[in-house]
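Small disclaimer: the values here were computed from a predicted structure and weren't measured.
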Amino acid sequence: MSTGTTSAREPTFRIRALHTADTVTVYQAYAPSLGLPAARDGRFPAAWKRDRMTWIKPSFLWMMYRCGWATKADQETVLAVEITRAGFDLALGRACLSHYVPGLHPDRAAWQRALRRAPARVQWDPERDLHLRPLPHRSLQLGLSGELARAYADEWTVAVRDVTPLARKVRALVRAGDEPAARALLPDERPYPAPEAALAQLR
């Protein structure tokens, strides 16, 4: 199970995800008109816009923060999308930070050039606890565009599951004050062994 809490030893920048030897699970939220067909068929429908940037999130609780436990407009269906680790690692290797970091980038102009060229973007946002309060460490958000967005939808995706019922159950338990039961239902998000060469430029 995932902790839903933080530890003093938790690094500020670390990818935590539900993963196997071959796949990693990320989360997205959509309107039912798109999310339900994707879950039913195990793949994204033709209506899914492959020419737009799409943001994938390995953190279930950060997704709950973003979609308000599946209550926000056009985010009522939460999907767990299992994709290949090869695709995920490829995207990390071709990503650029979504913001300028002095010392990491030679200068702002160099960062802007890299951002324009990169088909993937990374931003780190505060991880969330069971009450969706920010934690000191960060959670990865990975934006995919162009060829990578198309590969995500049509090549990397192994399975798509509707986890909206899970979101509602966890929320109900939190509201009832039963945090141990809520925490026991969270996905088992463990440190993800991302290629160090890719991460070195993304934190």
Side-chain angles (χ1 to χ4, degrees), residues 1-19 24-32 34-35 39 53-83 88 91-92 95-104 120-144 160-194 198-199 201-203:
M1 67 180 178
S2 177
T3 64
T5 59
T6 186
S7 164
R9 295 185 178 181
E10 184 67 30
T12 302
F13 303 104
R14 171 188 272 175
I15 301 174
R16 292 166 300 276
L18 175 63
H19 61 274
V24 57
T25 297
V26 297
Y27 299 94
Q28 295 190 294
Y30 292 101
L34 196 151
M53 178 166 284
T54 189
W55 288 88
I56 59 178
K57 306 152 185 74
S59 167
F60 178 81
L61 284 176
W62 200 94
M63 184 71 259
M64 295 304 99
Y65 164 73
R66 180 67 181 83
C67 71
W69 297 104
T71 63
K72 293 184 179 179
D74 295 328
Q75 298 186 61
E76 301 94 341
T77 303
V78 181
L79 300 179
V81 185
E82 191 176 4
I83 64 174
F88 187 72
L92 288 175
C96 177
L97 276 177
S98 61
H99 61 282
Y100 170 62
V101 177
L104 182 60
R121 296 182 182 183
V122 159
Q123 64 185 47
W124 298 92
D125 295 303
E127 181 60 283
R128 302 284 159 165
D129 67 10
L130 277 168
H131 296 275
L132 307 186
R133 297 172 300 205
L135 294 170
H137 56 281
R138 301 276 169 155
S139 178
L140 176 89
Q141 324 305 325
L142 181 60
L144 308 174
V160 182
R161 294 181 293 113
D162 181 358
V163 292
T164 313
L166 173 63
R168 291 173 179 158
K169 188 168 185 178
V170 172
R171 185 192 193 196
L173 288 168
V174 172
R175 285 187 161 187
D178 194 348
E179 290 190 22
R183 191 170 291 114
L185 294 178
L186 295 178
D188 182 19
E189 293 171 4
R190 295 169 287 111
Y192 178 77
L199 286 184
Q201 301 300 314
L202 298 173
R203 60 189 178 196

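Lys72 has no carboxylate O lying under 4.0 Å from a charged side-chain N of Asp74, or vice versa, which leaves the two without a salt bridge.
Side-chain contact of His19 with Glu189: a donor-acceptor pair under 3.5 Å is absent, judged by distance alone.
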Please report, to 0.1 Å, the donor-acceptor pairs under 3.5 Å made by any side chain of residues 58-70, with sequence neighbours excluded.
{"from": "Ser59", "atom 1": "OG", "to": "Trp62", "atom 2": "N", "distance (Å)": "3.0"}
{"from": "Ser59", "atom 1": "OG", "to": "Glu127", "atom 2": "OE1", "distance (Å)": "2.8"}
{"from": "Ser59", "atom 1": "OG", "to": "Glu127", "atom 2": "OE2", "distance (Å)": "3.0"}
{"from": "Trp62", "atom 1": "NE1", "to": "Pro126", "atom 2": "O", "distance (Å)": "3.4"}

Residues 165-175, side-chain donor-acceptor partners within the protein, below 3.5 Å, at least two apart:
none

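Take Asp125 and apply the side chain to side chain donor-acceptor pair (under 3.5 Å) test, not counting sequence neighbours, and it matches Gln123. In this structure Pro32 satisfies the side chain to side chain contact (heavy atoms under 4.5 Å, CB included) test together with Leu36, Glu76, Thr77, sequence neighbours excluded. Looking at residues two or more places apart in sequence or on another chain, you find a side chain to side chain donor-acceptor pair (under 3.5 Å) between Glu82 and Thr23.
Between Val78 and Tyr30, every side-chain heavy-atom pair lies at or beyond the 4.5 Å cut-off. Taking 4.5 Å as the limit, every side-chain heavy atom of Leu97 sits out of range of all side-chain heavy atoms of Arg121. When side chains are defined from C-beta on, Leu18 does not count as touching Val24, because their heavy atoms never get closer than 4.5 Å.
Among residue pairs with one or both ends in residues 130-141, those qualifying as salt bridge (charged side-chain N to carboxylate O under 4.0 Å, His left out) are Asp129-Arg133; sequence neighbours excluded.
Without hydrogens or angle criteria, Gln141 side chain to Ser139 main chain gives a donor-acceptor distance under 3.5 Å.
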